[in-house]
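Reviewing the structure listed below.
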2 protein chains.
Amino acid sequence: MLIPNAGGVSAAAIATPNDSETPNPGFDVDGHRGDLRAIGRSRHFLRNRQIYSEGDDADCVFKVESGVVRTYKLLRDGRRQINAFHGPGSVFGLEIGKVYGISAAAASDCAVTSYGRRNLEALAAYNDQLLLQLFSSVMLSLAREQEHSVSLGRRSATEKLAIFLLSCAGQSAGGRDILLEMSRKDIADYLGLTIETVSRTFSDLEHRAFIELHGARRVRLTDITGLRDLCA
Amino acid sequence: MLIPNAGGVSAAAIATPNDSETPNPGFDVDGHRGDLRAIGRSRHFLRNRQIYSEGDDADCVFKVESGVVRTYKLLRDGRRQINAFHGPGSVFGLEIGKVYGISAAAASDCAVTSYGRRNLEALAAYNDQLLLQLFSSVMLSLAREQEHSVSLGRRSATEKLAIFLLSCAGQSAGGRDILLEMSRKDIADYLGLTIETVSRTFSDLEHRAFIELHGARRVRLTDITGLRDLCA
DNA sequence: CGAAGCGTTGACGCGGATCAAAGGCAGTGG
DNA sequence: CCACTGCCTTTGATCCGCGTCAACGCTTCG
């Protein structure tokens with residue numbers, strides 16, 4: 001079976017360390033773990049280190065082990081749009097073409113496993129489970145990107161940030177305490193805003209008692225229902 | 001070979017009738033055309049007719065034969081974000097989950113071929129070429145959505161429209177005459193603008209001699225280089 | 001000829017960008 | 001342990017691009 005129902009694969013949340021609801025399908029093929037382990041190589045990146053750039057030869061696929069990776073595009077004048085944050089379990093770097101169509105960098109210190117593309121393809125050629133997981137991870141990325149487009153095109157700053165925080169919290173997971181591993185600039189470039197607007201909107205949400213800020217990185221969602229109601 | 005370089009698959013242009021540069025990989029498996037023909041069913045939709053809605057059972061995959069299909073998401077208050085326009089050759093409706101994650105409707109009168117999902121899966125199970133083409137069409141959708149996000153998040157109205165027109169023209173194809181098959185509202189909801197802003201921007205581009213408008217639907221790009229320069 | 005939709009144009013207001021400056025906060029060196 | 005330094009974040013003042021509201025024109029069709 002090649003395009004089956006993948007059970008509870010939801011497309012909403014951004015994968016984060018505490019995101020227990022929508023784990024991006026990693027490579028966990030029963031009975032083939034050994035194979036995968038053999039071709040995977042563990043690598044570490046410090047915050048803001050480049051992992052690959054748009055146009056580089058796409059010879060590796062990555063899975064996040066810890067920390068957060070951002071994938072993004074740059075315009076010539078320096079404007080940046082972050083397409084996705086990838087937390088633990090999330091797969092990125094999969095390409096059909098010869099080169100990467102998007103750049104990737106560490107949004108926080110992070111550990112990833114890299115898989116040589118040729119090796120991975122060879123493995124997938126006779127392993128339907130792995131192939132399905134790769135397919136699923138692309139479909140999940142697409143569904144998230146579609147949802148993200150709605151935010152970018154049709155939502156206000158408040159709605160964008162509310163949705164972002166909810167997805168960070170993994171929505172229904174008990175964890176209403178979030179540790180934001182990325183900078184304000186990263187959040188701004190993800191949501192299509194400026195850092196000033198992001199900061200003001202954080203403050204506004206706090207004044208309106210939807211959240212509590214403990215430093216810039218720690219956020220407690222004190223009114224999740226209210227946050228949900230904020231976003232149409 | 002399962003995740004090979006797919007030759008010249010570029011991620012930039014929107015598939016349109018005159019888009020000869022980046023045809024979305026259809027189903028054209030050599031030696032298996034008969035099989036595909038057998039399971040494909042031809043269907044017609046009048047402008048604005050619904051093809052499927054978010055949440056419907058995802059039991060069909062579609063390929064556009066003529067006309068343009070829009071895929072979009074709706075917020076509860078009626079705001080709409082069009083994620084993509086699908087022209088001839090473009091595949092849409094492919095899902096991993098049980099239901100469609102996005103809605104589809106006819107942006108113009110159009111003809112599509114629908115493939116029963118079970119049949120298509122069965123065929124793909126022993127046909128690597130078909131499987132690769134399905135994979136490619138999803139990757140292409142993802143790449144376009146990523147490019148679209150940059151427009152939505154980081155570009156001005158003028159840049160958005162310039163890029164849109166260029167992609168309609170198939171960029172480097174000789175055809176500088178475009179027939180827009182979708183309404184101003186569709187364009188606005190695709191670009192994250194209002195119809196008034198779209199209309200004003202069309203007029204502005206005409207005054208600045210980048211384009212000529214012959215009625216609302218016919219556009220001639222008189223200065224393609226200039227249009228390119230407009231978008232960073 | 002009249003009515004209904006779609007597209008264009010104008011006047012005005014607002015949300016978020018820009019410009020500017022003043023806090024935190026971590027890392028470094030004395 | 002504290003002062004210094006540089007970066008990140010917050011906050012304030014102002015500006016402007018695009019949204020909103022409104023009216024009018026064009027096209028299609030009965």
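Per chain, numbering begins at 1; letters A, B, ... match sequence-line order.
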Contacts of A/Phe92 that satisfy ring pair (Phe, Tyr, Trp, His ring centres under 6.0 Å) - sequence neighbours left out:
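A/Phe92 satisfies ring pair (Phe, Tyr, Trp, His ring centres under 6.0 Å) with A/Phe62, A/His86 once adjacent residues are dropped.
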
Counting neighbours of CZ on B/Arg208 that are heavy atoms of other residues, nucleotides or ligands and sit closer than 6.0 Å, is the number greater than 12?
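Check passes, neighbour count above 12.
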
Would you mind checking if A/Asp109 and A/Arg49 are paired as a salt bridge, meaning a charged N to carboxylate O distance below 4.0 Å?
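Looking at A/Arg49 and A/Asp109, the cut-off is not met.
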
Between A/Asp56 and A/Lys98, does at least one N-O distance fall below 4.0 Å, as a salt bridge requires?
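Looking at A/Lys98 together with A/Asp56, the answer is no, because their closest N to O distance does not fall below 4.0 Å.
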
Using a 4.0 Å cut-off on protein heavy atoms (strictly under), produce a 5'-to-3' string for nucleotides 9-26 of chain D with B for base contact, S for backbone-only sugar-phosphate contact, and - for none.
SBBBB----SSBB-----

Are A/Arg184 and A/Phe202 in a cation-pi setup, meaning NZ or CZ lies under 6.0 angstrom from the ring centre and within 45 degrees of the ring axis?
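Yes, A/Arg184 lies over the aromatic ring of A/Phe202.
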
Mind telling me whether A/Phe164 and A/Tyr190 have parallel, tilted or perpendicular rings, with 30° and 60° as the class edges?
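Aromatic pair A/Tyr190/A/Phe164 classed tilted.
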
Whole-Å distance between D/dC8 C1' and A/Ile187 CD1?
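Roughly 12 Å, once rounded to whole Å.
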
Indicate yes or no for a side-chain donor-acceptor contact from B/Gln81 to the backbone of B/Asp189 under 3.5 Å, with no hydrogens or angles considered.
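It does hold such a pair.
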
Does a donor on one side chain and an acceptor on the other come within less than 3.5 Å for B/Glu145 and A/Ser149?
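Present: a donor and an acceptor within the cut-off.
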
Quick check for you: name the first and last nucleotides of DNA chain C, 5' to 3', having an atom under 4.0 Å from a heavy atom of chain B.
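Result: C/dG7 to C/dA11.
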
